[in-house]
Structures are given as C-alpha cells and as structure tokens.
Amino acid sequence: MDFEIKVLLITFVISVICGLITIPILKKLKVGQIERDDGPASHLKKQGTPTMGGIIMIITIIISVTLAYIYLTAIGNTNLAKKLLPLLLITIGFGMIGFVDDFKKLVLKNTKGLKPSYKMFGLLIIAIVYVLFLVLVLNIGTETYIPILKAYIGIPIYVYIPLAIIVILATTNAINLTDGIDGLSSSVSAIIITCLTVIGITNQIYEVSIFGSMAIGATLGFLMFNLHPAKVFMGDTGSLMLGGVISGIALYLKMPLLLLIIAIIPVLETLSVIIQVAYFKKTGNRIFKMAPLHHHFELSGWRENKVVVIFSLITLVTCFVGLKIV
C-alpha cells in the first residue's frame, strides 16, 4: 500500500509538470477546440482552448511505468515489472488512435479526422490482441465475476473472447461520450480507476494496484488543468486512453460486469445517445434536450460545475456499492 501511495504521488507530480510543459506547446501549435454550432451556447467561448491534452496523461504513464520497471527489476521483481506492460500497451494503443484522430482534425485541419471505420478497426485490433494476450499468454482464465451472485462463473473461451472485446470497445466509447464538460470525464474516470485499484490492492494483484495508482496520479494531475474553466481538453487522445485503462484493468481483474455498476455515468451517457437516436428516427422528436446526457442537464439550467459534482458523487456512491459486493 505504501508503494502504491508513493507511485500515485510521484505520477501526480510528473503529470502536473508535463501539463505545464505541454499546454504552452499546444497553444503555440494552435491545437484548439472546435465547438459544435448546435451545442450549448455557453460552450462557444471554449472555441480555441488547447485540446489533445490526453497526451499529458500518456507521457506521464509511460514515464511512470518506465521508472517502476527499472526499480522493480533492480530489486529483483522482474516478473511483476513485466506484468505492467500489457496494461501499458492497451493504454498507449488506444491513446495513439485518439491522437491520430485529433491530429488530423486539429493540426492537419481535416474536420472529419480519422475515418470511423479506420478508428474502429484500430481499436478492434488492439482489443483483440489484449484479450488474446490475457487468455493465451498470461493464462488468467475465462472466469468472470458476477456481481449479483458474488461468485466467479467459468465462461467458454469462444464466448469469453468476443464478450471481452465488446467490453473494451463499449467502455472506450462510453468514456468518449462522457467527455464534453470541463473536468467531467477525468473526474468520473479517476473515481472509477480508484475503485478498480482498491480491488487490486485488496486481492493483492500488484500489477493492477501499481498501474492503477499511476493512472490515478496521471488523471488527477491532468484534472488540475481540466477543471472549469478548462485550460486544456483531453480530446479523443485522452478519452480513448482512459477507456483503455478502465476496461483493461476490469478484464485483468476478471470483473468486466462490475463496470455496469461503478461506471454507471458512462453507461447512462451511452444509453442517452442510443435512446435519443432511436426515438428521433422513429418519431422525429427528441426525449432529451440534447444528448449525451450531460448536455441535457446543461440545457435544463445546470451549470457545468454542478453537472460534474453531481455525476462524480453518483459515481462515488456506485463505486462504494461496487466495493461492497466484491
């Protein structure tokens, strides 16, 4: 536990330093946010705010994992050091796909960014590689924790692999949809990752507790610049990366179904979009004033800070529930 706390604090400091260095560079490159014309009017003033800030978290985690790897190897714990790498690779992989999308939109001024089919194909390949690595190389098995039963249930490998891939893609998309208000996605994600990290500590899965501590430190460091009024946005670089971290850890813990509880806000954000689109196609009317869900509350008169606080508190409560049933 002491080591995890030190890792978190060191990573937090590295993240803040990276933010102080990176944000001026993004400003100089004029990598500014492009706001939707049909979005909340209050968001128009954010036009031009540096985005693609998820690179801060990616660089921070790379540095932290490298330092931890060197330290653990030096004290003779090479096996634990190597177990950090799969979690690092899914994080970097998803983050880089988001980076390419952001780069095309903001630097190359290609408003369409990375083609959705290319983006999905890239995410799918990384998800497949990660799941196969867990099952065939690390041999973690296909047992999955069922929260309602409070028990692990064995799942046939031919069912488990596609389900695990779907979990990764769904989680990544959900975190991406949650990113739309200053500090929302980073706050909610930090709480969810903390919950998963605590489970890792409790179950003595040290690669999860160490990597999770790094992800928490990196996210909180980024949050220092992302709180309202945000000095930088994470972009797809950050949201896809955080989706990779959350789904990657959940699968490593064999608890992907727990995300339905502890990640209730991203789940509701996703459902709001699905419901809105389906209902509009069928009736021509809208259920929500705007989707995803956080925009509905904004247009209902809630300030951004209120949305972030309420959604974060809900996530905190559901994470306590999640910890109680594992």
Side-chain angles (χ1 to χ4, degrees), residues 1-28 31 49-75 77 80-81 83-85 87-92 94-96 98-99 175 179 182-198 200-201 206-235 237-246 248-249 308 312 316 319:
M1 183 72 173
D2 288 344
F3 183 68
E4 282 83 357
I5 293 174
K6 291 176 182 177
V7 166
L8 191 156
L9 292 175
I10 291 171
T11 307
F12 173 79
V13 172
I14 294 172
S15 183
V16 171
I17 294 173
C18 281
L20 293 172
I21 295 172
T22 304
I23 293 173
I25 295 174
L26 293 176
K27 286 182 178 179
K28 192 172 183 179
V31 184
T49 301
T51 189
M52 209 159 69
I55 195 68
I56 295 169
M57 292 183 281
I58 293 176
I59 293 172
T60 298
I61 291 176
I62 291 174
I63 293 173
S64 299
V65 170
T66 301
L67 292 175
Y69 189 93
I70 293 171
Y71 172 76
L72 291 171
T73 301
I75 64 173
N77 206 337
L80 177 57
K83 287 183 177 179
L84 294 174
L85 299 182
L87 291 166
L88 174 64
L89 292 177
I90 189 174
T91 300
I92 295 176
F94 277 26
M96 285 300 98
F99 177 81
I175 298 298
D179 182 33
D182 296 359
L184 178 59
S185 187
S186 44
S187 297
V188 168
S189 295
I191 297 170
I192 295 170
I193 297 170
T194 300
C195 177
L196 293 171
T197 302
V198 170
I201 293 172
Y206 297 115
E207 58 268 37
V208 166
S209 63
I210 293 172
F211 186 83
S213 298
M214 293 175 184
I216 296 166
T219 307
L220 292 178
F222 173 79
L223 186 58
M224 297 290 289
F225 306 100
N226 189 229
L227 287 171
H228 184 73
K231 295 180 176 64
V232 66
F233 300 130
M234 67 173 66
T237 307
S239 59
L240 295 184
M241 184 219 79
L242 288 173
V245 170
I246 292 170
I249 293 177
V308 173
S312 296
L316 193 60
C319 281

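Position 1 is the first residue of the sequence, and the numbers go up from there.
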Could you walk me through whether C319 and T194 pass the side-chain contact (heavy atoms from CB on, under 4.5 Å) test, one step at a time? CA-CA 9 Å; C319 281; T194 300; over 6 Å; no
I'd like to check the side-chain contact (heavy atoms from CB on, under 4.5 Å) partners of K27; sequence neighbours left out, ordered by chain and number. I23, P50
Which residues pass the side-chain hydrogen bond (donor to acceptor under 3.5 Å, both in side chains) test with S239, not counting sequence neighbours? N176
If you compare all heavy atoms of I249 against all heavy atoms of G212, which two are closest, and at what distance to 0.1 Å? CD1-CA, 4.1 Å
So, taking the atom named CZ in F222 and the one named OG1 in T22, what distance separates them when rounded to the nearest 0.5 Å? 10.5 Å
Quick check: closest heavy atoms across A81 and T73, and the distance to 0.1 Å? CB-OG1, 3.9 Å
Rounded distance [0.5 Å steps], CG in L223 versus CG in D182: 10.5 Å
With side chains defined as the heavy atoms from C-beta onward, is the minimum distance between I246 and I193 less than 4.5 Å? yes
Any residue meeting side-chain hydrogen bond (donor to acceptor under 3.5 Å, both in side chains) with T237, in chain and number order, not counting sequence neighbours: D102
M96, CE atom: more than 12 neighbouring heavy atoms under 6.0 Å: yes
Minimum heavy-atom separation for F211 and L87, please, with both atom names. CZ-O, 3.5 Å
Under 3.5 Å donor-acceptor pairs involving side-chain atoms of residues 213-221, not counting sequence neighbours:
{"from": "S213", "atom 1": "OG", "to": "S209", "atom 2": "O", "distance (Å)": "2.6"}
{"from": "T219", "atom 1": "OG1", "to": "A215", "atom 2": "O", "distance (Å)": "2.7"}

Mind checking what makes side-chain hydrogen bond (donor to acceptor under 3.5 Å, both in side chains) contact with S64, not counting sequence neighbours? T11
What's the spacing between I56 CD1 and L20 CG if we round to 0.5 Å? 9.0 Å
ring-ring contact (aromatic ring centres under 6.0 Å, His included) filter on F99, not counting sequence neighbours, yields F103
Carefully, step by step, assess F12 and T60 under the rule side-chain contact (heavy atoms from CB on, under 4.5 Å). CA-CA 8 Å; F12 173 79; T60 298; over 6 Å; no
Side-chain touch F225/V16, heavy atoms, less than 4.5 angstrom: yes
Where do I59 and C18 come nearest, in terms of heavy atoms and distance? CG2-SG, 3.9 Å
By side-chain hydrogen bond (donor to acceptor under 3.5 Å, both in side chains), D179 pairs with (sequence neighbours left out) none
Can you measure from CD1 (I201) to CD (E4) and round to the nearest 0.5 angstrom? 5.0 Å
Which value, rounded to the nearest 0.5 Å, describes the distance between S186 atom OG and N226 atom CG? 4.0 Å
Heavy atoms of other groups near F3 CZ, more than 12 under 6.0 Å: yes
Sorted by chain and residue number, the side-chain contact (heavy atoms from CB on, under 4.5 Å) partners of L80 (sequence neighbours excluded) come out as L72, N77, Y206, E207, I210
Within the structure provided, determine whether L67 and I14 are in side-chain contact (heavy-atom separation under 4.5 Å). yes
Can you list everything that forms a side-chain contact (heavy atoms from CB on, under 4.5 Å) with I17? Sequence neighbours excluded, please. V13, I21
What is the minimum heavy-atom distance between S312 and I191, and which atoms define it? O-CD1, 3.4 Å
Min side-chain heavy-atom separation M241-I61 under 4.5 Å: yes
Can you list everything that forms a side-chain contact (heavy atoms from CB on, under 4.5 Å) with I62? Sequence neighbours excluded, please. I58, T66, L88, I92
How far does CG of L242 sit from CE of M234, to the nearest 0.5 angstrom? 5.0 Å
